[in-house]
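To find a chain, count down the sequence lines: A is the first, B the second, and so on, and within it residues start at 1.
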Amino acid sequence: MAEPATEEAAVACPYSNDELVDVYRKMLEARRFEERSAQAYTQAKIGGYCHLYIGQEASGAGFLSALRPNWDYVITAYRDHAAPLFMGSPPGPLMAELFGKATGVSGGKGGSMHLYDAKRGFMGGWGIVGGQIPIAIGLAFAAKYRNEDRVTICFIGDGAAPIGAFHESLNLAGILDLPIVFVIENNAWAMGTALKYTNSTPDLHMYGEGYNIEHRPVDGMDLFAVKRCADDAVAKARAGKPQLIESITYRYRGHSMADAGQYRTKEEVQEWRERDPVEWLAGYLKEHGILTEDELGQINDDVREAMKAAVEFADQSPLPGAEELYKNVYV
Amino acid sequence: MAEPATEEAAVACPYSNDELVDVYRKMLEARRFEERSAQAYTQAKIGGYCHLYIGQEASGAGFLSALRPNWDYVITAYRDHAAPLFMGSPPGPLMAELFGKATGVSGGKGGSMHLYDAKRGFMGGWGIVGGQIPIAIGLAFAAKYRNEDRVTICFIGDGAAPIGAFHESLNLAGILDLPIVFVIENNAWAMGTALKYTNSTPDLHMYGEGYNIEHRPVDGMDLFAVKRCADDAVAKARAGKPQLIESITYRYRGHSMADAGQYRTKEEVQEWRERDPVEWLAGYLKEHGILTEDELGQINDDVREAMKAAVEFADQSPLPGAEELYKNVYV
Amino acid sequence: MALMQYREALRAAMREEMERDDRVCLMGEEVGGYNGAYRISEGLMDQFGRMRVLDTPIAEEGFTGMALGASMVGLRPIVEYMTWNFSLVAYDQIVNHVAKARYMSNGQFGAPMVMRGPQGGGQQLTAQHSQCVESWYLHCPGLYVVTAATPADAKGLLKTAIRDDNPVIFLEHLGLYNMKGEVSDDRDLLIPFGVADVKRAGTDVTILTYSKMLYPCLQAAEELDKDEVSAEVIDLRSLRPLDLDAILTSVRKTHHVVVVTEDWQPSGMARELSGLIYQHAFDELDAPVEEVCGAPIPMPYAKNLEQMAIPDADAVKSAVRRTLARPGELAPLYR
Amino acid sequence: MALMQYREALRAAMREEMERDDRVCLMGEEVGGYNGAYRISEGLMDQFGRMRVLDTPIAEEGFTGMALGASMVGLRPIVEYMTWNFSLVAYDQIVNHVAKARYMSNGQFGAPMVMRGPQGGGQQLTAQHSQCVESWYLHCPGLYVVTAATPADAKGLLKTAIRDDNPVIFLEHLGLYNMKGEVSDDRDLLIPFGVADVKRAGTDVTILTYSKMLYPCLQAAEELDKDEVSAEVIDLRSLRPLDLDAILTSVRKTHHVVVVTEDWQPSGMARELSGLIYQHAFDELDAPVEEVCGAPIPMPYAKNLEQMAIPDADAVKSAVRRTLARPGELAPLYR
Ligand SMILES: Cc1ncc(C[n+]2csc(CCOP(=O)(O)OP(=O)(O)O)c2C)c(N)n1
Ligand SMILES: Cc1ncc(C[n+]2csc(CCOP(=O)(O)OP(=O)(O)O)c2C)c(N)n1
Ligand SMILES: [Mg+2]
Ligand SMILES: [Mg+2]
């Protein structure tokens, strides 16, 4: 397990004050967006699978804050609500997608698992475990092919590391010196299966050894540690050295809205909740005089309003028309 | 690269004299069998692909001599002529299979790439790169399931290590503590592609790191080194510790009979030929007074006769009958 | 007889066979500790232990091949795919290895294994999670392909699958797991492959279907009854082998056929059925065979779009009316 | 016009398109340094460099997905599978990702990529190396499926494939690479998808085929000519989209049809074709459609067995005779 944030590390904040406030706002947005999603799911406004990222925000926000907006690429699996928000996607069309509406980012065709915002570099949103990893190296390959200094970040679950596509992609990235950062978000569980039944090694970053790829763990609950690690990894990747990071984190909720998560103890969940990255950051901002209580309250209100508006937008948007059925596919 | 055999190692022979003579005979059989195959291929008596193991004999013979006959399992890819001979399969039905005859080990249905001798534990003979590896862990799984102390040896090419099935299988073997030895036979080339274009690491055994699996290289041209390594690995595997060995070796011929192998220099081939394991062993046997010149000559004659007989058997055997077409498959 | 859910029927089949034969084992994601993603295997790990009810990592190619290897030397594994969509990463192992092992070795070993799990749409699971895979596996010699639409069929057919010496593709439907029905508790009641089941007798039109589509077909038949149209609904159950006799017997009686699949076109089971009927009963048909199929598109998420993409009772009724009315030219089937 | 081999025609198509558009690149095993396992890409790495002609490790799933990702952001990759048999390890990437990317993203990006390579039997390559894959890919919305039987078609169709914005499954045949034919050197001569080619005109019977089976069909037609049977041989070329008009036009003329595929049954292209014809020209047929297909077995190695498993001119001729004679009942097609 990665070192917990030390006092000293916490002091050496890798963000400017403005940046930090921005990250806070985005983490809060993601949190509130997903709380709203959960609510809408229980009201049957959202169907299918719905996987929440709640608890893991420091990992995603930390990594993505190290990227160049509208330039670098990001790709992930089905637990994909937070990433586009971190990248600046407006919440309305994301929520509308979860509601299956015509105004959704994917026109209502993708749903919760298949969000995309290609013009911001967010390339989805994929449902087959491991399936996004070969695609990710393709994004990186295209950048290299065109001599563009774009980096790709690819998120991978601990449960996805055992699948063949992961290995093939690491090897290809290593051979071709692709500008990519593979981030295994080790949240201890693959659905209801604990790590020891899915991976032969407890240290998932160790996979890097087999490919001569730099690898290291990071405490994924510690925003600052993540950001420092991401800055370093992204810079190295941009220079053509693929990186493998294991971000150790935790999801508070079940695997999806359909899972009560009874395979783990209340204590286990509580332990992680005590390190909640959103609350921690609020505390940090106040403690360090970056934001006052009032300003924090204002952000909270703004975000609450924005998410309420997103739900209203989704609610009031029309369903996709029948003529959409055969559009955007060669049949 | 593994250490070359030292003087001392060569002295500490891991075989009894009888065993050593037996291994010699088998290596010679494999060599002559394949020389005959090459000849028959140019005479169009053998069709399809035909991949020769010539040059790699010390690796296969060394590993398989560490197994319990008719008990342990062996599986490999399409370069599969030598393994069954090392396991005691009679050459006639093997050659007849290459000739596509009814008397072939697979009734003429398998050909060069799909030899099987299940009752001796030789489970093939598979043509999709990496495809045999998941099957191999299944053989090991069955042994463990039944509390039988059978070990499985699975041969894998350097070009096969990059495929997903390899990774999935290593991980499963690691999680389940399967009694298996994975042997990567690194012969430097995957068809016409050199190792640096196929694998991100030059040290293929290093893949083991990602799975907590014991791994090491061995000089695959050095029969005694292979045998010592195999004895150790097989014993550990039998005790439930999967092993990954990289056996560094070389094929003298092209990838298959259809490949002239022009991607490498004559000097490269010549360098390896100078360490020819069959010739070396003949020299060792004589030098150490284990066999006289005459006895060696006798073995040579015997083997030549046996291979000639195998070819005659294959030649004279009938083609499979039309009634075979739909047999042994549910259609 | 007992009233039980479809999922319980599957579980009963596995439990009974595992009690009968200790070579039978189950492997897949979440089948053990979690009791199955859809609770099919509930309680089995407690009863049979971790080795016989094996939780695997997400590595379908790896554990399918593992099951094959084990089956080649005498075990009789059941592989659960959490859904059949995920079997596509194991497609090479299934098609190139499982299906061919017995033939390539000329019978030195077989592959007595069952691959099972749910398929199909209707739950807003979107394009990668809503597919029907039957045609992809039908089109491969060496594999049986079997479906079950009722709890009784689920139990009887799965038991047959487990006892058979050939590899079986056993297709359940995600939308049927909660369905209840009477199921025999005879531990040796096997439903043979290749025997279709007339789920509703009729005289005017033959409706051929299988799996969950049985229900819109039965509903359509009931509604058509009010209009004095007597529809025979045949549940094919096993698709390979196919009960051609049962199909032809019905066609010779009704002379009108509608085939209904959730699976899409082209090269799907619907065209296979209509083509076969033409081949074998050309002169018996009074009208072209009507095909009612899932829309040939990746499944969209939006509820309304998904509903348009999956055949329902209305679509079946319209098709029945069309075939009985026998119009001249049909709308193009290819888009 | 120039006389060139089928392999040279493919190479010319790739070279010209790579010269025209620097987003076009080629990747696969042995395509670069080795000049291609079947020498299709000879000289291309020398001309375009290692990045545009990329030697990959044996990782079809990985490099297929890599091509997809690259295509999503603007490259136009050509993926070479050494043979299509090996694409089955990439089946999930192709079916679940390549084919669905554009739809799931509602057109935010597409997947303008070509997947190509040889397929088919006839070289004693045995069960895992001799398959025809068209039906497995046909049965997936989002993919074009195209074949080429002549050097001219190979060039014109491959160029169309490279310029199209949708993913294309481009099926060559291992047994055709050495074949020679006249090929245009017009760099913009594109053969559109969905247009069949009447390779031989006739009036008595329509023979529908594609890829290498064209040749036994043409041979059969020549031989039948001596018996005063005039056979029309149609090379379908692209299977999805399919040129239904061309098929129906011919059927309305001859009223007798034989479909010939190397691919096996069931749920294969042959049944698809016969079914479609019945659906659309039920009244035009004077006899059931005859289907001549590869034997539904894993391909055996022995030369004599392999020959029995692949249709030849004699099989085509017998089928033509059967359909013209119109017997009452046909032999069961299912075994
Ligand atoms: C190939 C494949 N197999 C199985 C599944 C079903 N499935 C979806 S998510 C999941 C667990 C993945 O866990 P992990 O990778 O740790 O990601 P997390 O959900 O924790 O973010 C499984 C088994 C799938 N989507 N794809
Ligand atoms: C999945 C797959 N892709 C491609 C091939 C074609 N192919 C056969 S052997 C081979 C090279 C394998 O090299 P290696 O693993 O080093 O084994 P060696 O031939 O050296 O024994 C290739 C590319 C195949 N059989 N299977
Ligand atoms: Mg996880
Ligand atoms: Mg090699």
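- The candidate with the highest count of non-hydrogen atom pairs below 4.5 Å against chain C, out of A:Gly104, A:Pro320, A:Pro162, A:Gly157, is A:Pro320.
- Taking both residues in full, the closest heavy atoms of A:Gly48 and C:Leu125 are given as CA-CD2, 3.6 Å, listed atom of the first, atom of the second, then distance.
- Within the 4.5 angstrom heavy-atom criterion, only backbone atoms of A:Leu98 (N, CA, C, O) approach chain C.
- Chain A forms the most heavy-atom pairs under 4.5 Å with one residue out of C:Ile58, C:Val89, C:Leu54, C:Ile297, and that residue is C:Ile58.
- Counting only distance, with no hydrogens or angles, the side chain of C:Asn304 and the backbone of A:Leu319 share no donor-acceptor pair below 3.5 Å.
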Report all side-chain donor-acceptor pairs from residues 111-118 of chain A shorter than 3.5 Å, counting only partners two or more places apart or in another chain.
residue, atom, partner, partner atom, Å
A:Ser112, OG, A:His81, NE2, 2.8
A:His114, ND1, A:Gly125, O, 3.0
A:Tyr116, OH, A:Gly125, O, 3.0
A:Asp117, OD2, A:Ser89, OG, 2.2
A:Asp117, OD2, A:Arg120, NH1, 2.8

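- The shortest distance between side-chain heavy atoms of A:Tyr197 and C:Arg50 falls below 4.5 Å.
- Using modelled atom types, one finds a donor on one side chain and an acceptor on the other under 3.5 Å when comparing A:Thr193 with C:Glu30.
- Heavy-atom minimum distance, A:Gly127 versus C:His129: O-CE1, 3.3 Å.
- Sparse packing is recorded around CD of A:Gln262, with 12 or fewer heavy atoms of other residues, nucleotides or ligands lying under 6.0 Å away.
- Taking every heavy atom of both residues into account, C:Pro300 and A:Leu325 meet most closely at CG-CD1, 4.0 Å.
- Heavy-atom contacts from other residues, nucleotides or ligands closer than 6.0 Å to CD of A:Glu271 number 12 or fewer.
- With a threshold of 4.5 angstrom between heavy atoms, C:Tyr301 approaches chain A through its backbone and through its side chain.
- The closest side-chain heavy-atom distance from A:Met191 to C:Met82 is below 4.5 Å.
- Of the two parts of C:Gln123, only the backbone, made up of N, CA, C and O, holds a non-hydrogen atom closer than 4.5 Å to a non-hydrogen atom of chain A.
- No hydrogens or angles considered: a donor-acceptor pair under 3.5 Å links the side chains of A:Asp259 and C:Tyr34.
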Going through the checks in order, is the side chain to side chain contact (heavy atoms under 4.5 Å, CB included) test met by A:Ile163 and C:Glu61?
-> CA-CA 8 Å; A:Ile163 209 158; C:Glu61 188 180 10; over 6 Å; no
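- Within the structure, salt bridge (charged side-chain N to carboxylate O under 4.0 Å, His left out) contacts touching residues 302-311 of chain C (residues at least two apart or in different chains) do not occur.
- No side-chain heavy atom of C:Glu29 sits less than 4.5 Å from a side-chain heavy atom of A:Thr198.
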